[in-house]
Amino acid sequence: MGKRVAVVLAGCGVYDGSEIHEASAVLVHLSREGAQAEVFAPNISQMHVVDHVKGQPMPEQRNVLVESARIARGNIKDLAQLDVKALDALIIPGGFGVAKNLSTWATQGKNCSVCREVEDVLRAFHAAQKPIGLCCISPVLAAKLFPGCEVTVGHDTECEKWPYAKTAESMRELGCKHVNRHVTEIHVDPRNRLVTTSAFMCNAPIHEIHDGIGNMVKEVVRLA
């Protein structure tokens with residue numbers, strides 16, 4: 001029987017939820033590895049809703065679980081129902097929803113808090129020594145919760161290719177070790193059983209982002 005992997009989403013859409021290409025890549029690669037994805041999201045309100053054409057907030061409210069269900073094709077559960085004992089690993093795709101809905105990183109940076117249900121799940125997998133895969137901005141959750149951990153969000157020098165590189169410095173200020181990696185590469189922290197990759201933190205062709213996520217998923221499944 002294949003490994004059972006929890007995938008936690010943060011809404012639907014790069015600017016206010018989960019990055020859809022990243023979430024899809026995670027699900028595709030889990031399928032390719034013969035693993036069973038079980039999708040969850042917290043039943044909470046989004047920080048705000050963004051018009052993805054204009055890139056501007058809209059005057060409406062949406063729910064993270066309801067929006068995440070769009071990506072999961074309706075096959076999703078409330079994060080409060082997640083049973084760590086029944087699962088082998090955890091993966092959290094990126095997207096600004098991680099920094100806006102699953103945490104307050106978008107507004108508070110290193111001084112952020114993590115959504116209680118998300119923190120509880122991450123700590124439970126960590127305590128059980130079950131692997132955790134994180135991509136794009138989601139490694140900031142590990143940096144906040146597991147001081148001294150090793151992660152990558154790509155590179156630490158800002159340029160056209162790495163527009164969000166300053167994130168690495170904020171993570172270092174939390175006491176974690178940031179390791180520079182190319183978009184197709186991963187970094188493994190064996191002590192904390194964390195597997196991270198940069199995904200859309202890099203301005204790269206989408207197939208390279210897809211390949212990097214694939215390498216992350218493959219290693220998470222191998223460690224499970």
Side-chain angles (χ1 to χ4, degrees), residues 6-19 22-23 39-50 57 60-68 76-84 87 89-128 130-154 156 164-178 189 191-196 198-201:
V7 179
V8 175
L9 300 182
C12 181
V14 58
Y15 298 128
D16 57 11
S18 288
E19 210 297 319
E22 292 179 18
V39 186
F40 299 86
N43 187 10
I44 58 175
S45 295
Q46 293 184 186
M47 184 187 104
H48 63 182
V49 177
V50 175
E60 64 176 86
Q61 186 63 62
R62 297 187 186 181
N63 177 278
V64 172
L65 176 60
V66 172
E67 290 300 294
S68 298
I76 194 168
K77 296 177 184 176
D78 188 330
L79 186 59
Q81 299 176 12
L82 188 151
D83 179 7
V84 175
L87 296 157
L90 168 67
I91 295 178
I92 304 180
F96 281 99
V98 172
K100 293 177 177 180
N101 305 329
L102 305 190
S103 73
T104 59
W105 183 275
T107 55
Q108 296 179 296
K110 64 180 182 179
N111 298 315
C112 74
S113 60
V114 178
C115 168
R116 174 54 60 184
E117 288 180 0
V118 175
E119 177 175 350
D120 289 347
V121 165
L122 279 162
R123 290 195 184 279
F125 274 94
H126 187 258
K130 294 182 177 182
I132 299 170
L134 304 164
C135 66
C136 195
I137 192 64
S138 64
V140 301
L141 301 174
K144 182 65 179 182
L145 298 178
F146 310 128
C149 70
E150 299 178 6
V151 296
T152 188
V153 289
D156 57 6
Y164 309 108
K166 289 181 180 177
T167 303
E169 183 56 36
S170 296
M171 296 166 76
R172 287 195 183 107
E173 291 174 4
L174 286 169
C176 81
K177 178 182 179 182
H178 180 267
D189 177 347
R191 182 171 67 87
N192 290 289
R193 297 179 71 77
L194 296 173
V195 186
T196 53
S198 61
F200 278 101
M201 297 294 277

Check side-chain contact (heavy atoms from CB on, under 4.5 Å) between [X] and all other residues, then give those that pass, not counting sequence neighbours.
| X | answer |
| --- | --- |
| T104 | T107, Q108, C112, S113 |
| S45 | Q61 |
| R191 | D189 |
| D78 | N43, L65, A80, Q81, E117 |

With sequence neighbours excluded, tell me which residues meet salt bridge (charged side-chain N to carboxylate O under 4.0 Å, His left out) with E169.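 Applying salt bridge (charged side-chain N to carboxylate O under 4.0 Å, His left out) to E169 gives R172.
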
Minimal non-hydrogen separation, A10 against L102, with atom names: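 Heavy atoms of A10 and L102 come nearest at CB-CG, 3.6 Å.
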
Closest non-hydrogen contact found for M47 with N101 is N-OD1, 2.8 Å

May I ask you to test the [X]-[Y] pair for a side-chain heavy-atom distance under 4.5 Å?
| X | Y | result |
| --- | --- | --- |
| F125 | L82 | yes |
| E19 | C136 | no |
| I92 | L141 | yes |

Under 3.5 Å side-chain donor-acceptor pair for H126 and N192: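 Yes, N192 and H126 have a side-chain donor paired with an acceptor closer than 3.5 Å.
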
Selection residues 100-111 - residue pairs positive for salt bridge (charged side-chain N to carboxylate O under 4.0 Å, His left out), sequence neighbours left out: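 Listed once each, the pairs are K110-E173.
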
Measure up the Y164 and F96 rings against each other and bin them: parallel (under 30°), tilted (30 to 60°), perpendicular (over 60°). perpendicular

